[in-house]
Colleague: 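Here's a structure for you.
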Amino acid sequence: MKKTLLSAIVLVAVTAALPWVLGDYGVNLATEVYIMAILAMSLGLLMGYAGLVSLGHAAFFGIGAYTVALLGPAIPSTIVLIALSMVLAGIIAWVTGMIFIRTSRFYFLMITVAFGQLIFALVWQLKSWTGGADGHKVSAPLDFGFGELGSPLALYAVMAVAMVIVYVFLRVFVNSPAGRIVQGVMDNENRMTALGYNVRFYKVLAYTVAGAIAGLAGSLYAYFNLFVSPELTGWMFSGQVMMMVIIGGVGTLMGPAVGAALFIILQNFISSYTERWPIILGALLVTLVLVGRGGIVHWVGLARTKIFVRQKEASLQKSSSGHLYGK
């Protein structure tokens, strides 16, 4: 609990300090990073803690975004719209999860791709509601009862707070008894079954929580971008989110957020110089796979451990030399 509180304090301090050093463009970019970090952390929960690899996770993001876009004119409350986005995405995740979890890992991956494409096709075909390929504007204002929040700094603050809340929630969840069981199921499903746990229930629980959080990210993106399109639900976007998780570090909560930040920065800055920026991400991904398992967060932790060990060894050698000299 102390580690969770300390991490939250550090996140709050960093997010509060960034607007002072970033320009208007940097603040806008950081706002997008926070939204994608929420989405990446939700997929990171599935991949790193439940052992479920999904290529249809963007469907829940799109469901959340389209909920705000379509219901915004009829429901003025931002809190209600965000809650509906999470509930709807969570319910669909629960229903589909009950079906998908019955399959093996390879077939689970393929069926999530099919699910994502189904949502993509529905959004594309229901042109009278969704706008089809032309997309749909978001007219609902971001208002929590204190007035409309439309300035870049206000959007930044909302998304930063949302990211911190999601991070703390996920950390509490993975350290809770239910979260420990989910991780146990990933490590050894047969053993957890023998111990009497309903492994299917805990898999569906993780899938539902991840889907609801992805719906939250989608709703926030709708308020940020003020426009939604079918591409938000496609498997290519799901693949990009998966890259964020892998590059940042599977099996960590902060890793996906770091991967999301790197992805968005490369996409925005390098793409202004060359259209071949995906090659850089691809090369980084290949390097991570070939050199060793783990992402950026794992590498940083490994480097920190090696430095600590070397400092400790140097301190011991110095201490030993001092004792010998004293004799």
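Residue numbers start at 1 and run along the sequence shown. Just so it is clear, the values below take in all heavy atoms, side chains as well, and ignore hydrogens, waters and symmetry mates.
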Colleague: Would Phe115 and Phe60 count as a close aromatic pair, with their ring centres under 6.0 Å?
Modeller: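 Centroid separation for Phe115 and Phe60: below 6.0 Å.
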Colleague: Give a yes or no on whether Asp24 atom CG has more than 12 heavy-atom contacts from other residues, nucleotides or ligands under 6.0 Å away.
Modeller: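 No.
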Colleague: Taking atom types as modelled, find out whether Ser42 and His57 have a side-chain donor-acceptor pair closer than 3.5 angstrom.
Modeller: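 There is such a pair (donor and acceptor under 3.5 Å, judged by atom type) between the side chains of Ser42 and His57.
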Colleague: As an exercise, state the distance from CZ of Arg102 to CZ of Arg200, rounded to the nearest 0.5 Å.
Modeller: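 Separation between the atoms: 4.5 Å.
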Colleague: Aromatic contact between Tyr107 and Phe100, with the criterion being ring centroids under 6.0 Å apart: yes or no?
Modeller: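 Ring-ring flag for Tyr107/Phe100: false, centres at least 6.0 Å apart.
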Colleague: Is the backbone of Ser85 close enough, under 3.5 Å, to the side chain of Ser219 for a donor and an acceptor to pair up by distance?
Modeller: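 Judged by distance alone, no pair lies under 3.5 Å.
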Colleague: Does OH in Tyr25 sit with more than 12 non-hydrogen atoms of other residues, nucleotides or ligands closer than 6.0 Å?
Modeller: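 For Tyr25, atom OH is crowded (more than 12 foreign heavy atoms under 6.0 Å).
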Colleague: Between the side chain of Thr78 and the main-chain N/O of Pro141, is any donor-acceptor distance below 3.5 Å?
Modeller: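 Yes: the side chain of Thr78 pairs with the backbone of Pro141.
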Colleague: Looking at Tyr197, I'd like to know if its OH atom is crowded, meaning that more than 12 non-hydrogen atoms belonging to other residues, nucleotides or ligands lie closer than 6.0 Å.
Modeller: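 No, the 6.0 Å shell around OH holds no more than 12 heavy atoms from other groups.
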Colleague: Tell me if a side-chain donor or acceptor on Tyr49 pairs with a main-chain N or O of Gly251 at a distance below 3.5 Å.
Modeller: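 Yes.
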Colleague: Do any N or O atoms from the side chain of Ser229 and from the backbone of Gly135 form a donor-acceptor pair under 3.5 angstrom?
Modeller: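 No.
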Colleague: Given side chains that start at C-beta, do those of Met47 and Ile246 come closer than 4.5 Å, heavy atoms only?
Modeller: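 They are in side-chain contact.
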